[in-house]
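Just so we're on the same page: letters track the sequence lines, and every chain starts at 1.
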Amino acid sequence: MKIGVFVCHCGSNIEATVDTAAVAAAARQFPGVAFATDTMYTCSEPGQDEIVAAIKEHNLGGVVVASCTPRMHEQTFRRTVERAGLNRYLFEMANIREHVSWIGKDREANTNKSIDLVRMATEKLTHNRPLYSKKFDINKRVLVIGGGVAGIQAALDCADGGLEVVMVEKTSTIGGKMAKLDKTFPTVDCSSCILGPRMVDVAQHPNITLYAYSEIEEINGYVGNFEIKVKKKATYVDWDLCTGCGICMEKCPSKKATDFFNEGIGKTTAINIPFPQAIPKKAKIDPAFCTKLTKGKCGVCAKVCPSGCINYEMQDEFITEKVGAIVTATGFDLFDWSVYGEYGGGRYPDVITGLQYERMLSASGPTGGHIKRPSDGKEPKNIVFIQCVGSRDKSVGRPYCTGFCCMYTAKQAILTKDHLPESQSYVFYMDIRAIGKLYDEFTRRAMEEYDTKYIRGRVSMIYPKGDKLLVRGADTLMGSQVEVDADLVVLAVGAEAAAGASKLAEKLRISYDTYGFYMEGHPKLKPVETNTAGVYLAGACQGPKDIPSSVAQGSAAAAKVLGLFSKDQLESDPQVSIVDIKRCIGCGKCIKTCPYGAIKETELRGMVKADVIETICQGCGICTSTCPQGAVQLQHFTDNQILSEVNALCQF
Amino acid sequence: MKFQEELKKCISDVMPELDVVIGWCASFDPLHATPHFMRRKEDIDKLEISPLSVHNLATYLPGLRGKKVGIVVKGCDSRSVVELLQENLIDRKDVTIFGFPCTGVVDQSKIKKALGHTGNVESCEMSDTALVIKMDDKTQTLAMAEMLADKCSSCRYPDAVISDYFAGEKIGNKGEKDVDYAAVEAFEKLSVPERFGYWLKELDRCIRCYACRNACPLCVCRDHCAAESRDPHWLSQENNVRDKLMFQVIHAYHLAGRCTECGECQRACPVDIPVLMFKQKMNQEIREIFQYEAGVDPEATPPLLSFKMEEENITEKVW
Amino acid sequence: MNTSLNYAYYPGCSSTGTSIEYDMSSRAVCAALDIQLNDVPDWSCCGSTPAHTVDHTLSSALSARNLDQVASMGLDSCITPCPSCLANLKTAKHRMEDAGFRDKVNNLLDKPANTQVGTKSVLQILVEDYGVENIKKKVVKPLTGRAVGAYYGCILNRPAELMQFDDREHPMAMDNIMEALGATVVAFPLKVECCGASFGIPRKDLVMRLSGKLLDTAKGIGAMALVTACPLCQMNLDMRQAQVNNANDSHHDMPIFYFTQLMGLALGLTEKELGIDKLCVSPRTVLDAMASEQSVKERAA
Amino acid sequence: MKVINVNLSYNSDFVTQVEEESGQKLNNCYQCGKCTAGCPYTDEYDIAVSQIMRLTQTGQKDKVLNSKSLWLCASCESCTARCPNKIDVARIMDVLRHMARKEGYIGIHTIKTFWDSFLGSVKNNGRVFEVGLLANYISHTGRFWTDMGLGHKVLPKGKIHFTPSEMQGKKEVTKIFIRFKEESAKCRAREKSREISADSRSPQDEYVPELRLLSRVFKHRNLH
Amino acid sequence: MPVLEGTELRIVGFLCNWCSYGGADTAGVGRFKQPTDLRIIRVPCSGRIDPLFIVKAMMNGADGVLVSGCHPRDCHYSEGNFYARRRLEIIEKFLPILGYEPERFAYTWVSASEGQRWQEVVTSFTDQIHKLGPAPKILGPQASDTLSVMEAAL
C-alpha cells in the first residue's frame, strides 16, 4: 500500500512546539510511505484538496493525517479520502496536538514523539482493510425522558415535526422546576402563564404519549432501534377513569403527607393532585401516608370518588416502547444545603431555600402567595438572601457556579418588595453573574428601584436571637464584619445533578462528569449530542441552565432527532467483529462475554461455530480479547492492527 | 494392581456401546507405558495401570468428538475432562469415564537421573514402596516415593472427580484446600534480573517443537494455534528466545482459570524446561483473587469470563 | 460495653492550678466508670497557644517530648481533658508526618520524636469508647430540674480534618451526655464561638466582650448553667464572670461546670472529690434545685 | 491616600515564604470574606483577616507584618473551619506572626510579653507556673496585675501555688528552647545572606528569665 | 529514533476511546503539562485490551505500560472495563515471575472530563518508571546475547 502522510501545523497550535517539516521528512523514510508533507491547516478546504490531489497524483492507497485528536476530525478526513475514491477506513490519524504540542514545550521531545505517533499510524494503516457499512431500517419514534421545560420543548418540536413522541416523567405531573416558580426573570412574567399552555399542548398533542409517574427501567438496542422498558409506578388510582375532580383530596382524612410540589412548605393529603394546573390532572396516593395502605383502615377516597377509580391493589406496571432516538431532559436537583452547620443545618425553620420561597410567593402555593415565616406565620420585615450556597464552594465539593441564582435572587428581592412594601431585603453575594439579554439591567433595577441592599461577602453564621435570626457576614467592600437581624433567611441554593442521574446514564450508556452532569459529545461543536449515537441531551441534565438556555437546548435536541430521522435508513458502523469460521472451535467464550448478546451459535457441517449479528454488535472488542485462537476479530481494531502499533513503538 | 481386573471387567461390560476405550499398555521397554486404544475385547487384556501410566489421555477426547469414547482417568486427568465438558468441547453423553484410585505416577527424568541412563532396561518390578529395575545385568532398587512426579507428592485429587465407573477403594480427595506453591514462592525470592536471566537461559534450549502444547489437554485451538498463525501474527517463526518466551506466556494466559496443573506440558518437554511454573503462578493468582480452581465443577464459569461490579480482592492503585 | 478501658493520661499545666477541679473530676469520673488512667510520667507543657504563636517547630517539639513520654509507657495513644493540649499534641503528630518538618523538630530534641502517638480528649473517649448509653446505665442521681447549656469552645472539634470529632459547627457530645444524665438541655447557639481564650491577662477587654456575649446568649435561651470541656473557657466564664458583669454592667450569676463535674454528681460522687467548691460562681442554687427535684421524684415513686 | 504600584510593591519573596511555611496557596483565596464574617476578633483588628489575606496575596509585606491583627488572633479556627476554599487561614495568621516576630515587628507589646513570659515559665519549669508567669508579666509590662481583683476569689480555692510544680525533665525542656534559639539564629543568618528579610530590625527578643517575685505577689495579697 | 536517549523511557499507553482517550484530549485542551515519554494506543474499550499486548510490549523493550479505561459502571459498552479489571489484575500479578517489576505496569480509570486526573496519572506513572530505570531488555536471538551484557552490568 502506498501511503501519504500529512503533518498539520494547525496554525501555530502544533508548529509552535513540533517541527512538522522534520516529522514529514522522517515519515518519508517509513516503509510504504510514498508521499509526506506538512500543511498549514489540513482540515481547511485547501488542506483537504491537497490530500485529494496527492491521492490522485501518487495514487495512494491510504492516508495518515497527523494533527488534532481523531475525536475531532476523523470523520472529516474519512470523507476527504472518500472524495478521492479511497475507502474511508484506509485512513489513520496521529494525535500530535492534544497529546503532544499542547502538553509540553520541549520541541525536540515533541517532534520525536510525533514521529513515533506517525510511524504507529502508518504501521496500523498497512494492516487496515476497506470496510463497508450496511444500511438498516429505523423506527422513527423518539423517547423524551423528563417533562420539565426542556423536555416539553423537545417533545413538542419533535411532535410538530411529525414524529411520534413518548414522554416519561418521574413525578405525577410534568412542568418540572419551572412549574414551581412564581415569576421568571428578567421579564417577571408569570411562570405558569407561559408554561401552562405548553403543558396542555403536550397533553393534547396527537403525536405525544405521556407516561407520568413512570421511570425508565431498562434500555436495550442501538440508534434507530432502541427498546425501552418503562415502569409505571402504582398510583392506586385508575387514570383512565380519574377526572381530576379533586373530591378525594377534600375528603382525605390524612392531611400530613409531605408536599413535594411545594418543597415541604405546608402539608398535603395522602391522595393528591400536586397543583391545579397539573398535567395530567390525575390523583395519586402516597402510600407512606395513606392509612388504608399502611393500616388497612379508612378507604374514604374510594367511597367518595364519583368515577370509582380508586384501586388499593394496584401494582407497578411495565410497558415496552420501541423508539429510534432518545432525548434526555432529566434536569437538576437542589444541593442538600444541610451540610452548612453554620447556617443552622436545617434546624431553624425560618431559614429556607429559594425554591421554597418561590412556592410562598406563588398565588397557587400553600400560603396563597403571602410571605409568612414558617415558624410563627408572621410577616417578615428584614429578609436576607444568601447567594452561592452550594455553589463556588470547594469545601462542599461544589466548585462550579450554578449560574442562575444571582438572577432568581434579584427577582425574589423585587417580588418581595411588591408583596411587602414595608420590607427590606439584603443580598449577600460574591459576584453578580448577570450575563444574558436584559439580565444586568434587571439586577440593577433590584438595587436602584427596589432598594435591595447588596452586601459583597459571604455569611459565616446564622443563629437565633430572640425571635429573630442574627445573620453575621462580611462586607468586603467596607472591609468589615456586618450583622443583620433577619426575620427570614432565603438561601440561593445551587444546582446539582438530578438524583439517579448516574444510574440512568449507565442505562443509556452515556458518560457523566465528576458531579453527575451528562457529558456532551463535544464542549463546543456537539452541545446536545452524546457519545452514544441516537441519545441527545436537553436542559440542565448537562449542566445548570436557566429557562431560556434549557428551551434552546430542547429545540436543538429536537432538530438533531428530526435530522437523524430525515433518512429512512441508517448506515451501520462497520467497525464490528467478524468470525473467521475455520479458526472458530465453538467453545462459546465470546458468546458468554458479549455485553449485547450480539454473538450467537451456528452450525457448520455439524460443528458449533460463533456468528456475530452485525447490527447488534457495538464494536467493543471484548470477544476479540477473549478468544484464545483469535478467531473473532474486531474490524479496524484487529489483533494485527494493534500488534503492528505495539511493534512500531517497541522495536526491541 | 488389585483393582485392575475389576476395571477390565467393567470396561468389557460396556465396550459394546463404545467405539473406543482409551487406557495404557506396556511400551517399548519395561520402564515405559503408552496410550492404548481398545476397540476389541482382546485389547482389554493388554490394559496395564501402573505408576508408569503417566499420559493424560483426556488430550485425545476433543479429537474424537462425535464418537462414543470410554476413557480411563487418574484423578488429575479427570479434572481435564471436567474442563473440556465445561467448555462444551466434548459431550457428556458420548464419554464414558472409568476412574480408579491413583497412588501416583513416576517422573521418568528422576529415574533417568538416578540410573544415569535408561538405555536397556530388562525388567522393572513395582511395589507401593519401590521400583526394582534390572539393567546392564545388575539390579537397582529405587524408592517409589523419590521417583514420583512432583504433582503426585502434593496430589489433592487421587480419585477421579467425575466418573461413570470407579474400580477399587477411593483414597479420598483433599479438595481445594492447602495447595502447595512452594516452588513458585521459592523462585520469586530471586532478584528481578535473576528471574529474567533464568528464563532466557531455560528457554534458550527450546526447539519450538510445541510438544508442551500438543500434550496439553486444554490446547484446543489445534491447527489454529497463535504460535504458528499470521493472522493474528503474535510470533515470528525465527529461532529467537523472545518469541520462545512469549509463547510460554501466551500458553499460560490462555490457560488462566482453565489449567488443572496435570503437568503434561513439562513432562512432554524433550529438553526439560520447567514450563509448568508459569501455569502454577497463574493458578495461584486465580485462586487468591477469585477463590477459583479449574477442573472441579463442569457447571462453573471461569473467572476471566465473568466479573463482579465490586471486586473484594482487587485493590486498585490510587494516584 | 468495653470492660477494660485503659489510657495514658496527660493532665496539662492548668490542671495543676486554675483548672484543678477539671482534673479532679475527670479522674473521679473515670474511676467511677472503671476507666483506668495512667499518668504520663514526668510530662511537660505542650507549649499551648503561646508556643505556636511563636513558631511551629518549637510548639511541636514541646508536644513531641510528651508524645515520647507516652511511647515510653509502651502505649500509642493518650487522652487529655484540655482542648488546647489536645490541639497541640494532635497538630504535632500530624505535622511531623512531613519528613522535612520532622527533621526540624528533631533538631530541637534530645532523641528523634515519636510520630505514632495519637491523642483524644477525655470527652471523646467517654462518648466514643465508653458510650453514652453505658453512661446512662451508671446514673444514680439524675440531674433533673434545671436547664443546662453545653458550650464547647472553639478548638475542641476544629479544624475538623485534624480533630476528627463531632460536628464542627454543632457538636453534640456534651449535650448527649447531659441528656443521658437526666438534665434538661437547652440548645446553645454559640457552641463554638470563642470566649476570648488566653487574652484574659494581656487584653481583658476582649474577654469581657466575648465571654459577656456568651453569658448573655446563655441567659437568653433560659440556661441556668453552662457545662464546658475547656479550662480556658471555664476560667473566662467563671472566674471572670464578676469582671464581665462590671465591664458590661450585666448581672449574671451563672454557674459554669466542667461537664465531668456534673457527670460525677449524677454518678453519685461527692461534691468534694469533684472540686465543686473550687468554682467561683456558686452553683448552690442550681444544685439544690436538682436535689429537691430528685427527692420530689423519689417521694413520688 | 497612598497609591500603590501593584507590580513594584509586590514582594514575591514574602509571598513564597508565606506559602512555603504555611503550606497554603494564597491564590486560592477569592475574597469572599467568610473568614472576616466569622472572626470573633474583627472588632479589635486594625485590618480584617480577609484583607490580611488580600494584602498577603498582593505581597504587601510591610503593611501585613505591621498589623496588630496578627497579635490579636486567638487561633480559634473559625476562619479555617469555614473557608470555602479550604485555606487554613489560622495557620497563615500564625506564620505571619512568626515572620513579624523574626523581623522585629511588634504589633501589641502586652500580648507579646505575655506569651514570652508564658514560654519563659515553661522554659524554666518545664510546665507553666502561673504565679511566676504573672509576676514576670507584670515586671515587664510595668502594669499592675489587672486581675488583682481575682486574688481573693481564687487564692482560697487552693488553685494558686506559689512554687512551680516540680518535674525532673525540666532540663530537657530548657534545652529545647536553647536549641530553638540557636536554630533560628542560624536561619536568620542564612536569610540575611540571601537578603530575604528586607530590614531585620531588632533581633528576636530572648525569653526573659523568670524572676521569683513571690514576695511581691504576697504584697498584692495583703492589699486585700 | 525510538526515544530521546537518556532523557526519555519507552512508555506505552492503551486508552479506551470514550473515556480515557477523551480525558487525555481534555488535558491537552486545558494545556496541562505532561512528561513526553508516553505514547498512546487508542482502542475502543479497555475490554478490547488483550493482556498479552502488554507482555508483548514489555518483551519488545517497553519500560512501562499504562492502561486506562472508563470508571467502573461508566463503561461506554457497560461491561468492558469489568472484564478488563480482572484480566489486567492477573497480568499485573504475573509480570514479576517473568522478571519485570510489577510497578512497570499500571491500570486505572480516567473519565473524559478528568483532564486534571489524567495529568496526575501520566506524571506520577512516568516518575515511577523513571525511578525504576530501563526495564531488562532481550538483546538478541540467543540468551547469551542478553546474559553476557547483563552479567557485565552486574
So for atom [atom1], which belongs to [X], do other residues, nucleotides or ligands contribute more than 12 heavy atoms lying within a distance under 6.0 Å?
{"X": "D:Lys86", "atom1": "NZ", "answer": "no"}
{"X": "A:Lys465", "atom1": "NZ", "answer": "no"}
{"X": "D:Lys157", "atom1": "NZ", "answer": "yes"}
{"X": "A:Ile435", "atom1": "CD1", "answer": "no"}
{"X": "A:Glu449", "atom1": "CD", "answer": "yes"}

Original post:
Among D:Cys39, D:Ala81, D:Cys35, D:Ser50, which has the most heavy-atom pairs under 4.5 Å with chain A?
Top reply: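 Between D:Cys39, D:Ala81, D:Cys35, D:Ser50, the count favours D:Cys39.
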**OP:** Could you walk me through whether A:Thr476 and D:Arg54 pass the side-chain contact (heavy atoms from CB on, under 4.5 Å) test, one step at a time?
**Re:** CA-CA 11 Å; A:Thr476 60; D:Arg54 180 58 181 165; over 6 Å; no
**OP:** Tell me, for A:Val459 versus chain D, whether the close heavy atoms (under 4.5 Å) come from the side chain, the backbone, both or neither.
**Re:**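 Backbone of A:Val459 only, per the 4.5 Å heavy-atom cut-off to chain D.
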Subject >> Residue part contacting chain D, namely of A:Tyr340, when any heavy atom lies under 4.5 Å >> reply: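 Only the side chain of A:Tyr340 comes within 4.5 Å of chain D.
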Subject >> Most chain D-contacting option - heavy-atom pairs closer than 4.5 Å, from A:Gly341, A:Ser480, A:Ser395, A:Pro399 >> reply: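 Top count of heavy-atom pairs under 4.5 Å with chain D: A:Ser395.
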Subject >> Test item: D:Tyr30 side-chain N/O and A:Met430 main-chain N/O as donor-acceptor pair under 3.5 Å >> reply: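 Checking the backbone N and O of A:Met430 against the side chain of D:Tyr30, no donor-acceptor pair under 3.5 Å is found.
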**OP:** Below 4.5 Å from any heavy atom of chain A, which atoms of D:Cys83 appear? Answer side chain, backbone, both or neither.
**Re:**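 Backbone only.
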Original post:
Can you say whether D:Tyr45 sits under 4.5 Å from chain A via the side chain, the backbone, both, or neither, judging by heavy atoms?
Top reply: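 D:Tyr45 has no heavy atom closer than 4.5 Å to chain A.
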Specify the closest pair of heavy atoms between [X] and [Y], including all atoms of both residues, with the distance to one decimal.
{"X": "A:Ser460", "Y": "D:Gly38", "value": "OG-CA, 3.0 Å"}
{"X": "D:Ala37", "Y": "A:Ala474", "value": "CB-N, 3.5 Å"}
{"X": "D:Thr36", "Y": "A:Gln481", "value": "O-NE2, 2.8 Å"}

Original post:
Between A:Glu342 and D:Lys34, does a side-chain contact (heavy atoms from CB on, under 4.5 Å) hold up when you go through it step by step?
Top reply: CA-CA 11 Å; A:Glu342 59 267 50; D:Lys34 202 172 181 182; 2.8 Å; yes
